[in-house]
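Accompanying notes for the structure given below.
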Amino acid sequence: MANGYAGKILKVNLTKRETSTIETAQYEEFAGGVGIGAALFWDLAVVPGDWDLQDAFDPRNVVSLMTGPLAATGVPGAGRTSISGIAPEPFPTPLFHRTSLGGRFGTMLKQAGWDGVVVQGKADRPVWINILNDKVTIEDARSLWGVNTFETQDQILSMVSGRTRFGEEWQQVGDGYTTARPQIVCIGPVGESMSRVASLIHGSGVSARTGGFGGVLGSKNLKAISVIGTGSIKSADPKGVVDARIWHMQNFARGGGAAGASCCMPCVNPDRKRNSYYGGESMCADQYWFMGDQMRGADVAIKYGICTWCTKFGGAMNAQMPNAPAPFKGTVPMEPGMGWYIKYLYELGVLGPGKKIESHPLPMDQWDKLAFREAFCDAIARKIGIGADLAEGILEAAKKWGRLEEDMNSGALRLPAYGASWHHALPGVDWAYSYILMSGDPMWHGFFTSLSGGGGGGVGGGGGTTAEQLVQKIAAKMAPFSDDPLMLSNCWKGDEARKTGIYSDHKAKMVAWGRRFAGFYNESMSICDMMLPNFGGPSPDVEHRYYQVVTGSKKSLADTIEVGRKIWNMERAIRVMAGRHRDKEVFAPFMFMPGATFNLGMGGKPVYQDGQWSFENQNDLYLDKEGVEYFKTHYYKFEGWEEKTGWPTRKTLEGLGMKKVADVMNAKGRLGA
Amino acid sequence: MAESDKAERETKKVLRRDFLAGGGAAVAAGALGVCASGAAVTAFTQTPAQVTYPASTGYIVYDSRLCLGCQSCMLACSITHEGEASYSLSRIQVVRDAPSFTKYPLDVVLSVCRQCISPLCVQNCPTGACHVDTANGNIRRVDQSKCIGCQRCIQSCPQRPHRTVWNPAKKKSAKCDLCADAPYWSQKGGPAGKQACVESCVPKALKLVAEAPPQQDINGYDINLAPAAKEGLPKMAPQAAPKTGGA
């Protein structure tokens, strides 16, 4: 296939210990990544109708690790692997979720001849999957169970590559040869024990964090997937791929390797020089596990395979707010996680040795020491003492301790929706709305940085660009809605907020466009969202150009946004079948209180008010509950979903060529009227 | 570089000791010099002659400390030469020691053909497929129409991993030609042109130079290319080379 796809997807049934092949072409209408992952989930987990989609640890859960057609083609930043399925972390119930990881796993999978791996069932004992080009075996992992993620990868490396000396030899794999090492995704002890805060780990710091998919692999007794490939991927226009890549790099791409950069991956923008960090690969989330300039705290987390994001120990992300809720004494922690929260409760005097919340076996008086991090991970991995509560996630623990309502209301549990950690949710309301419409953090960085300016660090404004110039410049790129710059207004006060601002039908259009663009280009073409989109620069033309030269598709930008709409509706259909309803798409109470926003120095937002555009520093922004409901009505209507339930209608689905999906939903009484 | 040094290099005789630069003795011909066991396989079947080769007029130097390990150069190489993106077919190899977690700067090893002064791949090719291209700045390259797939060029490459690359589908070998013959490269290649790997390198860890850097043992040209060192480039003071890897 000369269109970027490897051509086949590996299906692994662990219960039956069978592997089989799915032709990628069957799912090409869903593009790749999350799109194909969702469509596979629909066919393999929803259509059979024998499961209520509630328990992430049910063997019927289907987890896919999918690449997109741009992976391993030479397109930079497009080698990410999307992971989707029912995720255990969301609160109060598991939800269909997608996360992703970078590194070299996805590109190596493509070189081995596979667009993705979809896993179903449960092995009767620990196993790992060994992929050597088209040869796939399910191996015994009993000797790896209980082993940390670094040692696991080392041991698998020895088993796959024997005594091949790093950097000195070619290794024969089938008919092919490679100097590469096998690329491995694995879980640590925290995933093995089916904790809801477990990551998938790849290499020394690359991981898929949100959602808790490490626990899902643990529930399936699947310790690791290793792949080594010696094949190739063909693009429709190979010369065009290299030309586009060099044009992009020379004109727009960020230089790589800047010390201290928050990126991270072995891509075009990593930081190899994090010498004190084991292996040098990390993510920004890991910084919440650093202790001052000591990075070893993060090593502990990665080895155990715990999610460094939801378990954040906090750090510099505090804001001085004189009017902050009482418990914070004027200082609001902007991105609190489990590590910070237990210290907060310790200082309140309710958690500790012999306290109402018994802290055993955690040495609370050593909270800021490495020993505490070890004890924290170990307690969660083995579910001993307080670790058994923490393993269920921060909100489940708070609920058990009788603190959920109080701490949700005070903002101590600053989690915008579904128990997902705070991450840029406000003042960019499109990010916040994505929290409730999806299953938590959308992790879509590129757009909101483009839409900032006016005295801050935003990249979209700058250089004296006015707010009006900025919105016109960006709206012009948002086909097919290019004629409506009002959708970019972040006005949140008064009648204007409902008329043209954050609760308006204009904003509904922007949120819909964002989900469609992200769904196609970032989540299904799997382009790193830290790299693109860059609407102050080459986006969306460069993404579209990459897509065309690789796949040979003649689809216009608007056409690809329409594919994004199809993917978004596929995800929506799964969520609805799992119980999603308008009533559940709600924010945590703190989002409606002063102090809800943390602007992270991204600069002012464009605001349209009284007939004028201006940049407004919105550090004081918070949401209005009725306004959000007003927005939801607009949004559902715009998407062609029933306003009362938020469920897609038959007309909408059939218009997208998804009649079979509509039929299944109708049979369950979940089709919008 | 002093003119006398240059002249000496250009007229250097290829002697038997050059053949043994890789440290390997002759073993069974026909075996590809790649294996998982780690044994170095070197085979020479042609009696060394007193042959001189004109020096290449282009060399790719690199800085393994600047390299990001992103492998963009590898895919650019295979796409421009073969029309498909393949790590295995790339004539430049970048390997990062993940998941073994070797620390910076030893975590990344680059393997770049050094356009040997005394090219054993050329010397040992029985058909003349592997030759010095005098029309293209004396680069050492493989004419695939003449390649019979005997793999002697692969076996005789003194560097580890060998810089000559085996294409199992075509059953022919290939090597870095500085993009002189890159059908999918929009730009002019060769020593007087541009190279896909160099052009696609974000941190500028690859660079084409005209004069041959000192060839030491089986090492490549791993030098300091950091921006602050640009002025001192012609001196090419070698940095502490990684203990592992042949580059």
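None of these values were measured; they are calculated from a predicted model. Residue numbers begin at 1 in each chain, while the letters A, B, ... track the order of the sequences.
The choice from A/Asp175, A/Thr178, A/Ile246 that makes the most heavy-atom pairs within less than 4.5 Å of chain B is A/Ile246. By number of non-hydrogen pairs under 4.5 angstrom with chain A, the leading residue of B/Ser186, B/Pro168, B/Cys201 is B/Ser186. Note on A/Asp237, A/Thr73, A/Val75: by heavy-atom pairs under 4.5 Å with chain B, the leading option is A/Thr73. Of the residues considered (A/Gly229, A/Gly231, A/Gly79, A/Gly240), A/Gly231 shows the highest number of contacts with chain B, using heavy-atom pairs under 4.5 Å. With chain A as partner, the option from B/Val165, B/Ile79, B/Thr80 having the largest number of non-hydrogen pairs under 4.5 angstrom is B/Ile79.
Side chains of A/Trp128 and A/Ser226 form a contact here, defined as non-hydrogen atoms less than 4.5 Å apart.
Defined by atom type and a distance below 3.5 Å, a donor-acceptor pair is present between the side-chain atoms of A/Glu139 and A/Thr137.
B/His162 and A/Trp170 have parallel rings, their planes meeting at less than 30° on a 0 to 90° scale where 60° marks the start of perpendicular.
Classification of B/Asp222 and B/Arg65 as a salt-bridged pair holds, one side-chain N sitting under 4.0 Å from a carboxylate O.
By the side chain to side chain donor-acceptor pair (under 3.5 Å) test, B/Arg91 pairs with B/Glu82, sequence neighbours left out.
For A/Val241, the part lying under 4.5 angstrom from a heavy atom of chain B is the side chain only.
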